[in-house]
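One structure below.
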Amino acid sequence: MSALSLENEAGFKALFQYATVGILVISSGGRIELSNPCVEKLFGYEKAELTGRLVEILIPEVFRENHVNYREGYFKRPKARPMGYGLNLFARKKDGSQFPVEISLGHYRLFDENLAVAFITDITERQRFNDELESKVKERTLELTRSLEREKELNDMKSRFVAMASHEFRTPLSAILSSLTLAESYDKAEQQDKRQRHIGRIRASVKNLTIILDEFLSLDKVEQGKVEIEKEAFDLYDFAEDIIEEVGGMLKPGQQIRFKYDGIRYINEDKKILRNILLNLLSNAIKYSADQQTVYLDIDARTNARKVIIKVRDEGIGIPPEEQNNLFSKFYRAKNATNIQGTGLGLTIVKQYVELLKGHISFISEPNRGTTFMVEFSLNQVYENDLTDRRQ
Ligand code: ADP
C-alpha cells in the first residue's frame, strides 16, 4: 500500500491536517470535538481554545440563538446537506470580524455518539469576484441602455428630419415649378407684370431653400468645432438697431419691434455669432406671432452685473409645456408650429452659439400668451482708450 494511501491512519490524518476547507466535528450537545488547522487559521483561534466549546462561538451574535434551535433540529433528523441553502451565511472570527462562508453538513455515529461534521469554506474571494462581476454587468447594462437611448434619439431625429425635409423642400420646389409653368404661359409682351410676379415667387422660394441649406451648414460647422470665436470691439446698440432693421422685412401687418437698451455701448465680442443668435430669436418671435402683435427686444449691458442680458419677448402662440424640454433638439418643432414654415434647426444652432460665447440660454413660455427667450454672457467691456487705439 502506498504511503499516501488513504487506507491507513496516517493518510487520513494528512487529509484532515492539510485540507483547505475547515473541518469541524460537533457532538450532539453542540460542543466542538475536533477541528483541523484550517479552522484555526480561518477563525484565528488556537486548537485548545476551540475544543469543548459550543460551536456558537464561531457564529455572529445575532444568529446564535437561532443556530441553537437549528442544530438541535438537525440532530433529531440528521442528513448530509448544505447548510442554510439559499441564505448568505456568515462566520465570526475570534477578533469579532465576520466573513461569508459556505457550509456542508454530514453526520455519523461513533462509539454510540451522534456526531455532525461541518465543512467550512471561506467564500470572501468568490463573493468579491461576484460583486465585481455584478457591478460590471450593471455598468454594461447601463452602457447598453444609453446606447439604445442614443439610437432611439437618432431615430426620432431621423423621422423629424424626414418630416421637415419633405415639407420644407417640397413647398418651395413645387412653388418654383408652378411659377415657371405659369411664367412660360405668359408669352405676350403685355404680360410682363404677371411674369414678374412669378419670377418674384421663384426668387422667394429659392431664398427659402438657401436659408435651409445655410442652417444645415452652420449646424454642421459648429458641431464639428469648426467655428472659431473672433472678438472685436463694436457698439452693441448700433449693432442691435441694424439687426432690427434687417428683420423689418419679415414683420407682418401691424407688427412692431420695441427696443430697450440699458448700459454701456461698446463691448468686445464675436459679432457674427451674436448676429446669428439675435436674427434667429427675433425672426422666431415675429414668425410665431400674429398680425398686430409686438415683439420686444431688451438689452441690458450694465457694468455692475458684468453680464450682457438679451431678452426677446413676443405675444405669440407660445410653446406647449410638454414640448418645452425638446425645443433645443435638432429638427424639433412643437405641434402648434407645424403649419408655420421652419426647419427646427434655428434654436439648436442658437444654443450651440451661446455655448461658444460661454453663455446661457433659457426661456419661459405660455401657450397663446407668448414666449421670452433670455441669453446671458459675460460683459467684455471696451474702454474709451482701447477704442481710440483701435480706431487709429
Ligand atoms: P423653426 O422655427 O425653424 O421651426 P427653431 O429651432 O428656431 O426652428 O425652433 C424650434 C421650435 O421651437 C419651433 O418649431 C417652434 O415650435 C418653437 N419656437 C421657437 N421660438 C418660438 C417662439 N418665439 N414662439 C413659439 N414657439 C417657438
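Note: hydrogens, waters and symmetry copies are ignored here, and every other heavy atom, side chains too, is used. Both ligands and their constituent atoms are indexed starting at 1 by order of listing.
Among all non-hydrogen protein atoms, the one lying nearest atom 23 (N) of ligand 1 is Asp314 OD2, 2.8 Å. Annotation: atom 6 (O) of ligand 1 to nearest protein heavy atom, Leu347 N, 2.7 Å. Counting only heavy atoms of the protein, atom 17 (C) of ligand 1 lies nearest to Leu327 CD1, 3.9 Å. Closest to atom 4 (O) of ligand 1, if we only count protein heavy atoms, is Arg333 NE, 2.6 Å. Among protein heavy atoms, the minimum distance from atom 11 (C) of ligand 1 is reached at Tyr332 O, 3.6 Å. Nearest non-hydrogen protein atom to atom 20 (N) of ligand 1 is Asn284 ND2, 3.5 Å.
For ligand 1 and Ala337, the ligand atoms under 4.0 Å from any heavy atom of the residue are 14 (O), 15 (C), 16 (O). Close approach of ligand 1 to Ile319 (heavy-atom distance below 4.0 Å) involves ligand atoms 25 (C), 26 (N), 27 (C). Close contacts between ligand 1 and Gly342 involve ligand atoms 1 (P), 3 (O), 4 (O) [criterion: under 4.0 Å to a heavy atom]. Ligand-side atoms of ligand 1 in range of Lys287: 1 (P), 2 (O), 3 (O), range being under 4.0 angstrom from any heavy atom. Atoms of ligand 1 found under 4.0 Å from any heavy atom of Leu345 (numbered from 1 in listed order, with element): 6 (O), 8 (O).
When non-hydrogen atoms are compared, ligand 1 lies under 4.0 Å from the backbone of Ala334 as well as from its side chain.
The N/O atoms of Thr348, backbone and side chain alike, include none that comes under 3.5 Å of an N/O atom in ligand 1.
When the options Ser365, Pro367, Gly344, Gly346 are ranked by their closest heavy atom to atom 1 (P) of ligand 1, first place goes to Gly344. Looking at Tyr288, Phe328, Phe331, it is Tyr288 that brings a heavy atom closest to atom 18 (N) of ligand 1. Closest to atom 3 (O) of ligand 1 by heavy atom, among Thr343, Val350, Thr372, is Thr343.
Between the side chains of Tyr332 and Glu323, at least one donor N or O lies within less than 3.5 Å of an accepting N or O. Under 3.5 Å, the side chains of Asn280 and Asn276 contain a donor-acceptor pair of N or O atoms.
Under 4.0 Å is where a charged nitrogen must lie from a carboxylate oxygen, and between Asp156 and Lys152 at least one such pair does. Ion pairing of Lys76 with Glu72 is absent here, as no side-chain N (NZ or NE/NH1/NH2) approaches a carboxylate O to less than 4.0 Å. A salt bridge does not link Lys93 with Asp95: none of the charged nitrogens is closer than 4.0 Å to a carboxylate oxygen. Electrostatic pairing of Arg128 and Glu125 counts as a salt bridge here, judged by a charged N lying under 4.0 Å from a carboxylate O. Ion pair Arg265/Asp238 flagged as a salt bridge, since at least one NZ, NE, NH1 or NH2 atom sits closer than 4.0 Å to an Asp/Glu carboxylate oxygen. A salt bridge is absent between Arg64 and Glu56; no separation between the charged side-chain nitrogens and carboxylate oxygens falls under 4.0 Å.
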Exercise. Can you list the steps and then say if Phe377 with Tyr353 is a ring pair (Phe, Tyr, Trp, His ring centres under 6.0 Å)?
Worked result: CA-CA 11 Å; Phe377 52 91; Tyr353 277 170; over 10 Å; no
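Taking a 4.0 Å cut-off on heavy atoms, Glu323 fails to register as neighbouring ligand 1. A heavy-atom separation below 4.0 Å is found between Phe373 and ligand 1.
Taking CD1 of Ile123 as the reference point, atom CZ of Phe90 lies at 8.0 Å (rounded to 0.5 Å).
You'll find the side chain of Phe328 stays beyond 4.5 Å of the side chain of Gln352, heavy atoms only.
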